[in-house]
Colleague: 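Below is a structure I'd like to ask you about.
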Amino acid sequence: MKQPTILVAEDETMIGWDLRDTVEEAGYAVEGPFVDISSAMLSYQKQKPDLAILDVQLSDGNVFPLAEQLMAENIPVIFHSGNYQPDEVHKRFPGSTSLSKPCPPADIIHSVRQALAD
């Protein structure tokens, strides 16, 4: 069975690498972390991920346009933000998963497993 690939977009270096390590240790392949929308978009266009973990605010702007593209192709998105509350994200993206920073690694992996199982 193919190992699921998770795209990680996070502009805070330490958090991005922590996310990458957390997801890899749980047995998933990771693309990223990408610090800007353009890099994340380029990766997505080259290889569609099975899921994406996206910080809402990246170095070059708001990630919502990328999230909309991913969701249009039925790729689950987990928003991971310190700037937006989960209910703010849910208003725009009903049915999405939203985690507030800081988020314990176990909660991230639980959310990943749940999103991939749906």
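Residue numbers count from 1 along this sequence. Hydrogens, waters and symmetry mates play no part in the numbers below; they use all other heavy atoms, side chains included. If you're wondering where the values come from, they're calculated on a predicted model, not measured in any experiment.
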Colleague: Could you walk me through whether V23 and I53 pass the side-chain contact (heavy atoms from CB on, under 4.5 Å) test, one step at a time?
Modeller: CA-CA 10 Å; V23 172; I53 301 174; 3.9 Å; yes
Colleague: Once you round to the nearest 0.5 Å, how far does CG of L54 lie from CG of L58?
Modeller: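 Rounded to the nearest 0.5 Å, the CG-CG separation comes out at 7.5 Å.
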Colleague: Roughly how far apart are H80 NE2 and T97 OG1, rounded to 0.5 Å?
Modeller: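 So the NE2 of H80 and the OG1 of T97 are separated by 12.5 Å.
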Colleague: Does a side-chain heavy-atom distance below 4.5 Å link D50 with I75?
Modeller: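 Side chain of D50 against side chain of I75, heavy atoms only: no contact under 4.5 Å found.
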Colleague: Just verifying a value: how many Å separate H90 NE2 and F79 CZ, rounded to the nearest 0.5 Å?
Modeller: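 One gets 9.5 Å once the value is rounded to the nearest 0.5 Å.
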Colleague: Contact between P33 and L19 at the side-chain level, heavy atoms closer than 4.5 Å - yes or no?
Modeller: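 They are not in side-chain contact.
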Colleague: Decide whether V89 and I108 are clustered together by the hydrophobic rule: side chain heavy atoms of Ile, Leu, Val, Met, Phe, Trp, Tyr closer than 4.5 Å, transitively.
Modeller: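 No, because V89 and I108 fall into different hydrophobic clusters, even though each may have its own neighbours under 4.5 Å.
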Colleague: A side-chain contact here means heavy atoms from C-beta on lying under 4.5 Å apart; do R92 and E68 qualify?
Modeller: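 When only atoms from C-beta onward are counted, E68 and R92 do touch, with a gap below 4.5 Å.
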Colleague: Does a side-chain heavy-atom distance below 4.5 Å link S38 with D60?
Modeller: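 Touching, per the 4.5 Å side-chain cut-off.
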Colleague: Contact between P4 and V112 at the side-chain level, heavy atoms closer than 4.5 Å - yes or no?
Modeller: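 Not in contact.
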Colleague: Applying a strict under-4.5 Å side-chain criterion to I, L, V, M, F, W and Y, I'd like to know whether L42 and V35 cluster together.
Modeller: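 Unlinked, L42 and V35 end up in two clusters.
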Colleague: Under 4.5 Å between any side-chain heavy atoms of L51 and T5, yes or no?
Modeller: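 Contact flag for L51/T5 side chains = no.
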Colleague: Starting at CG of D55, measure out to OG of S81 and round the result to the nearest 0.5 Å.
Modeller: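 One gets 5.5 Å once the value is rounded to the nearest 0.5 Å.
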Colleague: For the pair V8 and F34, evaluate side-chain contact (heavy atoms from CB on, under 4.5 Å) and give the outcome as yes or no after the intermediate values.
Modeller: CA-CA 6 Å; V8 174; F34 300 102; over 6 Å; no
Colleague: Measure the spacing between CG of L7 and OG of S43 and express it to the nearest 0.5 Å.
Modeller: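 Going from CG on L7 over to OG on S43, the span is 5.0 Å.
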Colleague: Apply side-chain contact (heavy atoms from CB on, under 4.5 Å) to residues F64 and V56 and explain how you reach the verdict.
Modeller: CA-CA 7 Å; F64 290 153; V56 173; 3.7 Å; yes
Colleague: Might you work through the side-chain contact (heavy atoms from CB on, under 4.5 Å) test for Y44 and L66, ending with a clear yes or no?
Modeller: CA-CA 9 Å; Y44 154 71; L66 172 59; 4.2 Å; yes
Colleague: Within the 4.5 Å heavy-atom criterion, are Q57 and D11 side-chain neighbours or not?
Modeller: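 Sidechains of D11 and Q57: no contact.
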Colleague: Are L99 and S111 close enough that some pair of their side-chain heavy atoms sits under 4.5 Å apart?
Modeller: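 Yes, close enough: below the 4.5 Å cut-off.
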Colleague: For residues M41 and I78: do they belong to one hydrophobic cluster (side chain heavy atoms under 4.5 Å, members Ile, Leu, Val, Met, Phe, Trp, Tyr)?
Modeller: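 M41 and I78: separate clusters.
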Colleague: Charged N to carboxylate O below 4.0 Å: is that the case for E12 and K101?
Modeller: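 A salt bridge links E12 with K101.
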Colleague: Within this structure, what is the CE-OG distance for the pair M71 and S96, rounded to the nearest 0.5 Å?
Modeller: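 Answer for the CE-OG pair, M71 versus S96, is 4.5 Å.
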